[in-house]
Amino acid sequence: MSDLINTTIIIATVASGIRLATPFLLASLGESIGQRSGVLNLGVDGVMLLGAFAAYYTVLKTGNLFLGIMIGLILGALIGLFYAFITVNLQAQQGVSGIGIYLFGLGMSDLLFQKLVGTPRPIMPFRILHIPLLSDIPIIGEMFFDHSLIVYVAFLLVPLLSLIINRTTYGMNIRAIGENPEAADSLGVSVGGIRYSALIIGNMLAGLAGAALAIELGIFQHNLTNAMGFIAIALVYFGAWRPLGVMAGSLVFGVVAAIVLQCKTLGLIPRSASDLAAMAPAIITILALVVVANRFRQPTALTKPYVRGG
Amino acid sequence: MMEESGSVPVLEMRGITKHFPGVVANDNVSFNLLKGEVHALLGENGAGKSTLMKILFGFYPPDAGQVFLNGHAVNLTSPAHAIANGICMIHQHFMLVPTLTVAENVALGLRSSRHPLTDLAAVTKRIQQLSDTFGLQVDPLAYVWQLAVGERQRVEIIKALYRDASILILDEPTAVLTPKEVDDLFQILRQMAEAGRSLIFISHKLHEVMALSDRITVLRNGCVTGEANPCDTSRAKLAQMMVGREVKLAPDKPHTQICEPRLEVKDLVVEGDRKTDAVCGLSFQICGGEVLGVAGVSGNGQRELAEAICGLRKPKTGQIKIDGQSVPSGNAKAAREAGLSYVPEERMRDGAIADFNIFENFILLNHGQKRFCRMGFLRFTPIHQHSRTLIDEYTVKTPNLETPAKNLSGGNIQKLILARELSSDPKVLIAAQPTRGVDIGAAEYIHERLSHQRTNGTATLVISEDLDEVLALSDRIAVMFEGRIMGIVNREEASRERIGLMMAGVDPDSPPADYCPSPE
Amino acid sequence: AAGKMLKIAIVAPSASNDLAFTQSIVDGINAVKKERPIDLAVTDGTFVVEDAAAAIRDYAKKGYDLVIAHGSQYGGSLKEIAKDFPKTAFAWGTSADTFGLPNVSSYEAASDEGGFVMGMMAAALSKKGSIGVVGPIEVGDAKLFVDGFVAGAKAQNPKIKANVNYIGSFSDVALAAEAARAHMAVGADVLTGTAQMVVGAIGAARSKGVAWFGTQADQTELAPEIVVACQVYKWEVILRQILADMDNGILGGKKYAITLANDGLMIEFNPKYKLPDTVTKIGKKAVMDIKSGKIKPLK
Amino acid sequence: MNNLKTKMISWTIPSCAVLAALIIGAIMLSALGANPIKGFGTMFASAFGNLDGLASTAVKSIPLLLVGIGICIAFRASVINIGGEGQMVMGALLATIMALAFPGLPAIIFIPLVLLVGLIGGAAWGAIPGALKAYFNVSEILSTIMLNIVAVQFMNFMLRGPLIDPGEIERGTRIPQTARLPEATDLPLLLEGARMHLGFLIAVLAAVAAWILLWRTSLGFRLRSVGLNPAAARYAGIPVKRSIIMALAISGAMAGLAGAILVFGSESHRMVTDGSSTGFTGSAGFNGIVVALFAGLHPLWSIPSALLFGGMLVGANALQRAVQVPSALIIALNGLIVVFVVSSEYFKRRVQTVQTDPKVQKTVSDSDKNQESDNLKD
Ligand SMILES: Nc1ncnc2c1ncn2[C@@H]1O[C@H](COP(=O)(O)OP(=O)(O)OP(=O)(O)O)[C@@H](O)[C@H]1O
Ligand SMILES: Nc1ncnc2c1ncn2[C@@H]1O[C@H](COP(=O)(O)OP(=O)(O)OP(=O)(O)O)[C@@H](O)[C@H]1O
Ligand SMILES: [Mg+2]
Ligand SMILES: [Mg+2]
């Protein structure tokens, strides 16, 4: 046993967990901003898929990774704009319209891939960015400071979003609108405007999550995300709508998956039980929801369209 | 205090009209406000006071009419716009975000000095200054959900003070305050008026209006019915203007035999939505054939009392008995099975399902009974028959049985609910605001039905803000104030004066003098 | 009859350009198409078994001469459908079962053979004595290949560590990539894998410059700098036989397999990869030995 | 007259939404270099143009219709059931286990039995999120999504392990599928020469039953009242929590029945998985939501609605063959239709409030008043 589980493996597993967590983290950070402002978006997975394809295709054609990331972000912003229009202005049922966005993204990304690319062709992923000094720290350095740029970006977004939500006027407006839009409106805060911006930012992050996934893997494929977006939504509940909580949730999800994977590699999990092991994240999430649902309330106005005086 | 009468009013609203589906909330209303003036708006529930103020605050666009500020026509299209024009509003319902701190609630919507970051330290300091100047005790760092009702009201006032409004609208700010808090508030408001700010003050409490305001405008059914000066009017005159009719005499009340108590309530303590005790240890009994009227200003625990008796709200402690049998608490079904009926205050929220049609609403309670339901299937022939009988008996005006309840007028919905509730011949009937928003004809009919039920031996609890109604219907009258019964008086000994004072929480033996500000 | 235009339909689960399972059969037919007139119809991406069944029945009804059900999960449906169309030829792969029906041929790939060859080369190539395998689900063709690969590696170096990771999905590219990384973390310096989700694993291997052995199709273009060799399926070898039988009025009942011996399986070396000559020799010798029957991979 | 007008509005507006989505679909087709008229024409012809096409369309619409019926019931009670996928899987699994356990029964008993078991399996799986919502306040939207994942993995486990066809183990191929189920459980075909089977009849009957349930029984009455106004329902003594669980259980039951029919009406007469999340259901658990919404949450209108969407799915394959456009287009188009139909609710509401506005309403309500005495006499 002791020779099976050594420091290298632990380092690799943690590093792998961090990598696996990254797209979840980006997507659920985005979703949490939208939900904080009172809008549920079940279409995250669709946005991720479209973002992934857009980024992949851009990089394939131009070889420019940053352009790919930009296109993923822009695409997310456009979908966010559209989603804001139907949920804020048209007051569409949020649960169901999100499913529509998901189906659209699922079909559209596949369609475009088949028509524009066809045979999967690889793109060059981000190079590993060793952070000077920090990556030289034994163990810790390899675990945390030996990743690609996008991983650092995702994790740096956590304190940044915490700061924005808790310390800026904009963040305060988002929090107020998710709880009591009427009160915010009565003080002259534009409920629609804030929701638009929150949804645009949120969907940009979903697009970025997809772009990061495609670029990290260097490839695109039909349903590349494998319903990651849905898990990202659950992680928002898991993390009680707070960036730090969402990060914890993503890390738990990623590291559990990495551990399961590593155990399979080492033959510690019988092959017949691997399907049952795959249920673990979903079941853990439901259990977490049971605990969280009564402890942390969701934003009071979540899923409720705001109509003045209505 | 007032400036010379020739000056332009700071605010003028001309010919304001506003429709909502089914109602005309404001009908050609004109209203003006002078600098440094406290102008009161009076009116019954639904008279259109809040609507007028929300139009002024940019919440709703008016269908017709124009707002002038300092003589200039303005189009206030949003609260942000109104705030920019120096208008602030303290709403009838709290406009606070419970999950934010006091300081954050105050800072909301303002541009921070450290934009884009918030500058809560500066806000906190300023709040402290304000609370020192005006004697408003509040902790800026506390979360709003932690605050008591009175404190929340103070936060609302601080929000307005902080914005340094030149026009401040206060929509029923005293409804939830204790007399001491009201006194403190009035002190602050006078201070503000003296500093040259103009205030619009809305209240149902006549003595408050008399005490605070320089001018009074009365609304009824969306129309202005008059303007008055507090020094040369009386409460009775104001009431007349508000209600618009002579006080009716009580319907015939044949003496009914008082037998055993049918409803007994003992030591009832009920928590309100704000997690404080809304009903604090009530005990009373109602006999068969007797009507106990509960008078009082809304929000003094009447609603919680009714809901607790009906099993919709679980009381903290206390006992409820119907015909001597204890009713399990917090169980609506059990209460109904024990013979209780309830005409709720909010009829479209609790009493009827707007999208259900007439007959579906009729069988809401007893659709499971054998006569309406066999083996799980509804029996439409008897249901329709039953519904038609009730429609005829209660003269509910409807095109047909399939009409959704939402298409009925308010009075007819109330008749529908009453018909349903009385059709089971209840042992105990709780009727909350049974004629609110109902026209005179329908109200009379409803009163008749309630008396009829009394003759049939039902023990009735009538909860109403309408004093005339309470006087007309009741055998005994209980006055509720802050969750307690100020006293129970027999109808014969009850006078409007006495009840009115008890409603204001004043001991009837030492009535306060009307306050009229003396000119300086 | 060889000059007559044949109508052939393929029903397959993944995309027809997946550089893996589905592409191999489409390429196979296209190779035969150069030799004789064929009207080809492809319904790909039918991962829903019932949709595949509907498509198979539809083609049979429309009078296609040969309907190829390219997916082992389609067998259950084909068994029922084929009975209703005795005049239509069906082919089912990868499998070795014709259900005893005279109009169903089965075809499979002896992918354990190529697996064995590449396993031997992998073991010889590995400096650290550790290799890794990324598999989808432990079934059919994938299992055969993986088992052959592990057996080959052990045959070359009995002390080799050959870790196998079935990730539990044919489609989760991200998980496949992490599985490859997990292998590399425990020291694997040569990797292989099978099914369409390995594109992720190849990407991970490429980023660390770890050697890769491919199967089902030539994956060189995915990562020219690390792909050593690929086992390529040449279904045209058996498709020719099936069509020849059909020319003679035999609609099925036979089992076919592509093997190294019948040139249905080929080991394609990547000319750009600088493979030590010793390793190339080991590979070529293993191919000869399997062809001659000297080595029987899974026996 | 007023009623008729409202009905017309409630149909024209979503139809316009679908039309708008189809126009976008046509634009996409042209952009892909295909002739949209030919494309949609092929789709329509292959789905509705002949008996075979109609039969395939009918078969394809069965799970859509059943899930859709369940969605009608759940949404009417104000619960959003996105767990149709998992409920279908669990219903199918339980029914399959049942069928494998009692091979000897005659068809006349066996078919109702296995379908009932499928129904129960779905109901149980639906009741879980119901209970989580009623007692733990867990959003059913999320718990149903998570339970979908759990159900699919459980199916994979069962079909690769305990339920696998022993023949697969023998041959060593280990295809994750059960043995062929007893012939007595094969759903009989309804049309000679076409593949339409008993399942379609069952689904149509279920739609009628759901309509009866919603508008003719006391249970349906309670579910609808909880959905329209939970406060009033509570006030009337209706158990709101139990009704929520009941609504999700019934909704799950319909999905479970759909899953069972999918197995026993399949070509292979066995349960197969490809390991993916929608390989078994073909996304019917999601598409059923569209069907129900399009039908205005009415079980009977769900029948044509399901046939329409079933036809689209059948046509999608033809589209792929005829104009070389991947069937993924149809998934995208479905998504657009969902978004457009849900968004069009806004215009429906707008038109309806304008109708009830007294200013606009005056003449209508006057004529209504004249009618009222006549209406009340009979
Ligand atoms: N948003 C709305 N939609 C529809 N009707 C409304 C709306 N707001 C108010 N009303 C109706 O307009 C009328 C006037 O309401 P308003 O709130 O102005 O009365 P009020 O005088 O403030 O009464 P109260 O003393 O009860 O506060 C009422 O009949 C009310 O039901
Ligand atoms: N949407 C509607 N469809 C059909 N009839 C309607 C609709 N809305 C209102 N009505 C009818 O219009 C008439 C007037 O309604 P309204 O609510 O103005 O009554 P009202 O005069 O205020 O009566 P009440 O004093 O009893 O409330 C009623 O007979 C009502 O049934
Ligand atoms: Mg008001
Ligand atoms: Mg009215």
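Atoms considered below: every heavy atom in the structure, side chains included; atoms not considered: hydrogens, waters and symmetry mates. A note on names: the letters A, B, ... follow the listed sequences, proteins ahead of strands, and every chain is numbered from 1.
- When side chains are defined from C-beta on, Ile289(D) does not count as touching Ile80(D), because their heavy atoms never get closer than 4.5 Å.
- Most heavy-atom pairs under 4.5 Å with chain D, from the set Pro344(B), Ala334(B), Cys310(B): that is Pro344(B).
- Of the atoms belonging to Glu360(B), heavy atoms from both backbone and side chain fall under 4.5 Å from chain D.
- The greatest number of non-hydrogen atom pairs below 4.5 Å with chain B, out of Ile238(D), Leu219(D), Ile212(D), Leu228(D), is found for Leu228(D).
- Heavy-atom pairs under 4.5 Å with chain D peak, among Leu364(B), Leu378(B), Asn331(B), Ile363(B), at Leu378(B).
- Contact of Gln369(B) with chain D is not made at all, since no heavy-atom distance falls under 4.5 Å.
- For the pair Thr398(B) and Asn412(B), the minimum side-chain heavy-atom distance is 4.5 Å or more.
- With Phe221(D) as reference, Phe356(B) is the one residue of Phe362(B), Phe377(B), Phe356(B) to meet the ring-ring contact (aromatic ring centres under 6.0 Å, His included) rule.
- The candidate with the highest count of non-hydrogen atom pairs below 4.5 Å against chain B, out of Pro239(D), Ser218(D), Gly237(D), Ala231(D), is Ser218(D).
- Neither the backbone nor the side chain of Ala335(B) comes within less than 4.5 Å of any heavy atom of chain D.
- Using a 4.5 Å cut-off on side-chain heavy atoms (C-beta onward), Ile303(D) and Leu65(D) make contact.
- Stacking of Arg420(B) on the aromatic ring of Tyr394(B) is not recorded, the 6.0 Å distance cut-off and the 45° axial limit not both being met.
- By the 30° and 60° cut-offs, the orientation of the rings of Phe359(B) relative to His384(B) is perpendicular.
- Contact of Phe372(B) with chain D is not made at all, since no heavy-atom distance falls under 4.5 Å.
- Each of Ile353(B), Asp355(B), Asn366(B), Leu365(B) has some count of heavy-atom pairs under 4.5 Å with chain D, and the biggest count is that of Ile353(B).
- Between Asn400(B) and Thr403(B) there is a side-chain heavy-atom pair separated by less than 4.5 Å.
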